Amino acid sequence: MISERVGGRVACGGSGRRGSRGLRKVAGSMGMTEGTYDFGQIERKWQAYWDEHKSFKATDCDASKPKYYVLDMFPYPSGQGLHVGHPEGYTATDIVARYKRMKGFNVLHPFGWDAFGLPAEQHAIATGTHPEETTNKNIANMKRQTKALGFSYDWDREVATTDPEYYHWTQWIVLKLFNSYFDEELQKARPIEELPVPDGLSAQERRRYIDDRRLAYQADVPVNWCPALGTVLANEEVVGGVSERGGHPVIRKPMRQWMLRITKYAERLLDDLKEVDWSESIKKLQVDWIGRSVGAEVCFRIDGYEDNIWVFTTRPDTLFGATYMVMAPEHPLVGTIVTEAQKQAVEAYCEAAARKSDLDRTDLAKDKTGVFTGAYAINPVNNERIPIWISDYVLISYGTGAIMAVPAHDDRDFEFATKFALPIVQVVQPPSAEDAERVARGELCFTGDGTAIHSGPFDGLTTAEFKEKITAWLAERGLGKKAINYKLRDWLFSRQRYWGEPFPIVHLADGTVTGISERELPLRLPDLDDYKPLGTAEPPLAKATDWVNVTLPDGSAARRETNTMPQWAGSCWYYLRYLDPRNAERGWDPAKEKYWMPVDLYIGGAEHAVLHLLYSRFWHKFLYDLGYVSTKEPFKKLVNQGMILGEDGQKMSKSRGNVVNPDQVVTDYGADSMRLYEMFMGPLEAMKPWSMNGVQGVHRFLQKTWRLVVEEETGRLSPAVQDAPADEETLRLLHQTLKKVGDDVESFGFNTAISAMMILVNHLGRQQVRPKSVLESLVLVLAPFAPHIAEELWQRLGHANSLAHEPWPSYDKGLIRERQIELAVQVNGKIRDRIVVAAEADEEAIQAEALSSDKVVEALAGKTPRKVIVIKSRLVNVVV
RNA sequence: GCCGGAGUGGCGGAAUUGGCAGACGCGCGGGAUUCAAAAUCCCGUCCUGGCAACAGGGUGAGGGUUCGAGUCCCUCCUCCGGCACCA
């Protein structure tokens with residue numbers, strides 16, 4: 001239905017769905033002539049021109065111009081090709097890039113491919129096709145689609161993360177992480193050789209001491225193991241406790257994994273958000289993800305044991321209200337303290353907890369469960385003996401893996417205490433008397449701030465005062481200390497996959513690991529006969545025995561690490577490789593880095609608001625510590641484009657059948673219409689539905705613009721185009737437009753910029769004489785948005801060279817101002833009349849004019865104005 | 001549950017940040033052109049009443065501040081996004 005209508009309507013403007021019965025044939029049979037807007041031919045012509053002339057080549061270290069680095073989040077080259085969401089961000093950055101060039105900036109605007117990823121590997125498993133082959137094919141297709149949109153990328157800087165010449169340096173950074181530690185005092189990374197190692201350690205202990213401090217390290221952590229698929233899955237591949245593909249059950253299984261110590265950078269990742277120009281909402285997402293909380297660690301003795309239990313709490317002021325303790329099932333002391341009577345129950349509980357997935361432990365299990373250990377702890381502030389429980393509502397991975405429970409003032413503890421009939425003791429008096437009564441009766445849990453009660457010598461203190469006093473009190477007695485915890489966890493950095501960067505690490509016969517030499521990089525992926533998982537938890541690379549088994553220079557045998565890196569790895573630093581993409585000696589040249597960094601504008605989808613941006617920032621700070629980059633933060637300004645929905649207002653998906661194919665849009669309406677429509681839809685950051693009719697609308701605008709310059713019948717310059725001075729009104733409108741478009745590009749208000757150009761075009765269309773100078777300015781400001789038609793019109797207006805580096809037309813403030821302005825006249829806020837006054841009229845004159853209006857006099861009905869408010873160039877309000 | 005963001009014509013969206021609500025585009029209605037259609041051009045198009053001039057109402061709902069509120073404040077509703085036992 002829709003395609004039928006669209007096809008019918010564009011018959012004159014484009015080739016439509018009915019393929020070759022398009023513009024040229026239909027129009028040709030109708031006697032169409034040379035001069036109609038033939039976007040297909042024009043776009044091919046100028047794309048070839050730009051390629052041939054390398055119009056958008058960025059010159060490194062050009063000191064004669066200010067630099068501007070404008071970056072897109074590079075895409076995964078999917079077999080589906082480009083969807084209409086991609087060009088949204090790309091068009092926005094392209095407009096800025098082209099605008100900045102015209103403003104005299106040396107612009108770096110590169111593009112590349114985040115090319116490692118699961119789909120190519122799944123395809124390899126299914127068909128035996130090498131993922132590299134699939135990837136290259138997909139890149140070629142998406143590159144064709146991207147180029148068809150006329151973006152002004154410096155294609156000579158194109159990179160793909162799967163290219164060994166690229167992942168050489170990904171591996172190099174990981175090797176640096178492996179060979180570095182974090183100096184707590186200086187709060188920065190340093191080479192591992194500089195790590196002070198205590199004296200008197202055995203060789204093995206020494207080794208252990210060092211390995212425990214590397215920024216890339218191994219640990220046993222639970223992974224998502226799917227027995228049916230015989231493989232480990234990423235969190236994104238597990239939906240609702242089963243595998244995304246096939247719906248097979250997934251269990252948690254501890255495996256030796258590579259981790260990156262991102263938590264060491266938590267404080268800096270938080271602090272430096274102050275330095276970047278990102279939306280507050282994105283910053284907040286990061287802040288919440290890092291999840292810093294300040295409190296105290298407190299030591300509880302276990303009755304009858306030497307061991308102590310440490311807990312972390314943000315509310316040390318509620319210590320007197322701690323009526324029991326809870327340890328995570330995985331807590332190392334569980335086995336030690338459990339009594340004989342409780343042993344069976346505790347073991348059963350811990351085993352069940354181990355089997356549960358994260359999902360079971362949170363979403364599905366709202367109801368609290370737990371079991372008593374039989375052991376008791378001593379509350380350090382009042383020496384009360386309190387029971388120690390086990391429950392999976394306490395996480396081993398946060399804080400100390402154990403808590404003191406204060407049911408009167410913590411929702412979770414309240415719920416647990418209620419269920420297991422544990423005592424509830426109020427120690428904070430809420431400000432509201434009503435609340436206070438209910439808390440005292442044990443009916444209400446109060447988590448806010450108040451005044452201390454039932455807290456011995458501390459009674460009467462406010463929550464804030466108490467926190468400070470008790471923390472000091474505990475510290476003096478060695479029973480506690482101030483502590484800061486983060487929700488952020490170390491980054492699980494290994495995947496049991498083939499299609500990823502191999503680790504530059506070998507395992508020695510004695511079980512230790514070592515990094516390979518930088519000279520051996522890149523460590524290339526070996527080819528495999530087939531890509532199916534082994535069915536054990538071993539990664540596919542284990543199959544490549546020739547590759548895995550290596551002989552070290554000293555003649556000893558070793559095995560390569562068979563895990564590969566996650567997809568995030570390549571995208572963590574690609575913005576640096578663009579600076580110097582063909583450098584075989586190093587990842588990037590320091591002088592080029594100093595010249596181009598930081599990225600001035602970074603645009604991409606909000607789905608990367610947390611992980612990609614956090615990981616990149618982490619690597620960047622690490623590289624900063626080692627002196628490889630000169631800025632603390634990589635991305636100065638960040639903008640997230642909103643999602644584009646289908647015409648039905650739903651998310652685009654194959655199953656809904658509402659996917660819009662960019663190739664089709666380009667064929668039917670042209671790249672310029674596509675670009676313009678994507679920007680005209682609405683604010684860049686908003687979510688908005690697609691509309692083919694909307695594409696028609698901007699296409700009509702381009703045709704109108706075309707006809708301002710070209711006489712369709714002859715294909716020659718329109719006779720209305722003359723070297724005549726513009727009349728006052730036209731000139732004013734032109735300069736208003738120049739100002740509006742420039743201002744709007746600076747503030748990413750592309751939709752309103754286009755609207756302003758439409759107003760000017762509509763006006764010029766009505767003129768008998770169209771001054772060439774006005775058209776030239778119009779074409780120049782249109783160029784960043786619709787570059788192909790702009791180049792063509794610029795040429796037809798008599799210019800030999802591309803307009804890509806023409807200066808952006810400036811506006812004249814004096815010409816913008818209207819001579820006469822219309823003001824609304826209100827009586828008590830209601831508009832009663834409009835008056836026209838000279839732009840420079842003073843308040844008194846305006847007031848006199850307003851009060852003399854018949855309609856105003858009538859509305860006043862003889863009453864005397866109490867007050868007259870004159871807002872110059874806006875309105876007059878007469879108050880009675 | 002908690003934290004963000006947003007609710008404006010039939011639709012996408014504007015509104016110089018407290019100053020004429022609905023720019024621009026779509027859609028729709030009417031007209032011109034045409035043998036006819038497409039395309040193009042012109043006029044109209046927030047709602048209600050009226051031939052009209054005009055009058056009244058109107059930015060999710062209710063209240064408030066102000067000469068004046070889509071914009072600021074309070075309460076509530078709806079939608080979208082994020083987090084989800086982080087002690």
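Every chain is numbered from 1 and lettered A, B, ... according to where its sequence line falls, protein lines coming before strand lines. All values derive from a computational prediction rather than experimental measurement.
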Asker: Side chain of Asn751(A) only, heavy atoms from C-beta on: which candidate in rA87(B), rC85(B), rG13(B) is closest?
Answerer: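 The nucleotide sitting nearest to the side chain is rG13(B).
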Asker: Look at Lys855(A) and rC54(B) and indicate whether a side-chain polar atom (N or O) is within less than 4.0 Å of OP1 or OP2.
Answerer: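 Checking Lys855(A) against rC54(B): at least one side-chain N or O falls below 4.0 Å of OP1 or OP2.
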Asker: Nearest-Å distance, CG (Leu488(A)) to C1' (rA84(B))?
Answerer: 17 Å
Asker: Mind checking the C1' distance from rA37(B) to rA32(B)? Whole angstroms is fine.
Answerer: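 Straight-line distance between the two C1' atoms is 15 Å.
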Asker: Please pick, from rG19(B), rC3(B), rG25(B), the nucleotide with the shortest atom-to-atom distance to any side-chain atom of Ile869(A).
Answerer: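 Of all the options, the side chain of Ile869(A) is nearest to rG19(B).
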Asker: Distance alone, cut at 3.5 Å: any donor-acceptor contact between the side chains of Glu711(A) and Thr714(A)?
Answerer: yes
Asker: By nearest atom, which of the nucleotides rC3(B), rC85(B), rG25(B) is closest to the Lys284(A) side chain?
Answerer: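 From the listed options, rC3(B) comes nearest.
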Asker: Can you tell me, in whole Å, how much space there is between the P of rG18(B) and that of rG70(B)?
Answerer: 13 Å
Asker: Looking only at side-chain atoms of Met687(A), point me to the closest of rC80(B), rC24(B), rG4(B).
Answerer: rC80(B)
Asker: Output the single nucleotide from rU40(B), rC85(B), rG25(B) whose closest atom is nearest the side chain of Asn762(A).
Answerer: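 Nucleotide nearest to Asn762(A)'s side chain: rG25(B).
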Asker: Side chain to side chain contact (heavy atoms under 4.5 Å, CB included) with Phe300(A): which of Leu319(A), Asn308(A), Leu479(A)?
Answerer: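 The side chain to side chain contact (heavy atoms under 4.5 Å, CB included) with Phe300(A) is passed solely by Leu319(A) among Leu319(A), Asn308(A), Leu479(A).
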Asker: Below 4.0 angstrom, N of the basic side chain to O of the carboxylate: do Lys482(A) and Glu297(A) qualify?
Answerer: no
Asker: Pick base, sugar-phosphate or nothing for Ser293(A), based on heavy-atom distances below 4.0 Å to the nucleic acid.
Answerer: sugar-phosphate
Asker: Considering only rA87(B), rG19(B), rC67(B), which nucleotide approaches the side chain of Phe312(A) most closely?
Answerer: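 Closest nucleotide among those given: rA87(B).
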Asker: What's the closest nucleotide to the side chain of Arg832(A) if the choices are rC26(B), rA55(B), rG4(B)?
Answerer: rA55(B)
Asker: How far does the P atom of rU40(B) sit from the matching atom of rC26(B), given to the nearest Å?
Answerer: 9 Å
Asker: Among the candidates rG13(B), rC67(B), rG25(B), find the nucleotide nearest to the side-chain atoms of Pro683(A).
Answerer: rG13(B)
Asker: Can you tell me which nucleotide in rA21(B), rC85(B), rG12(B) comes closest to the side chain of Tyr393(A)?
Answerer: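 Shortest atom-to-atom distance from the side chain points to rC85(B).
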Asker: So, is Arg700(A) close to the rC26(B) phosphate, meaning a side-chain N or O under 4.0 Å from OP1 or OP2?
Answerer: yes
Asker: With rounding to whole Å, what would you report as the distance between rU45(B) and rG10(B) at their P atoms?
Answerer: 15 Å
Asker: Pick base, sugar-phosphate or nothing for Leu875(A), based on heavy-atom distances below 4.0 Å to the nucleic acid.
Answerer: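 The residue Leu875(A) makes base contact.
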Asker: Distance criterion of 3.5 Å, no angle test: do you see the side chain of Lys487(A) paired donor-to-acceptor with the base of rC83(B)?
Answerer: no
Asker: For Lys419(A) and rC85(B), is the shortest distance between a side-chain N/O and OP1 or OP2 below 4.0 Å?
Answerer: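 Answer is no, no contact under 4.0 Å.
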Asker: I would like to know whether Phe312(A) and Thr314(A) meet side chain to side chain contact (heavy atoms under 4.5 Å, CB included); could you show each step before the answer?
Answerer: CA-CA 7 Å; Phe312(A) 172 71; Thr314(A) 55; 4.1 Å; yes
Asker: Could you work out the separation of rA23(B) and rG13(B) based on their P atoms and round it to a whole Å?
Answerer: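 15 Å, rounded to whole Å.
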Asker: Of the nucleotides rA87(B), rC80(B), rA23(B), which one has an atom closest to the side chain of Leu395(A)?
Answerer: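 Closest of the options to the side chain of Leu395(A): rA87(B).
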Asker: Do Asn877(A) and rC67(B) have a side chain to base donor-acceptor pair shorter than 3.5 Å?
Answerer: yes
Asker: Under a 3.5 Å cut-off for both contacts, is rG81(B) paired Watson-Crick or G-U wobble with anything, and if yes, with which nucleotide?
Answerer: rC3(B)
Asker: Mind checking if Lys283(A) touches a base, just sugar-phosphate, or nothing, with heavy atoms under 4.0 Å?
Answerer: nothing
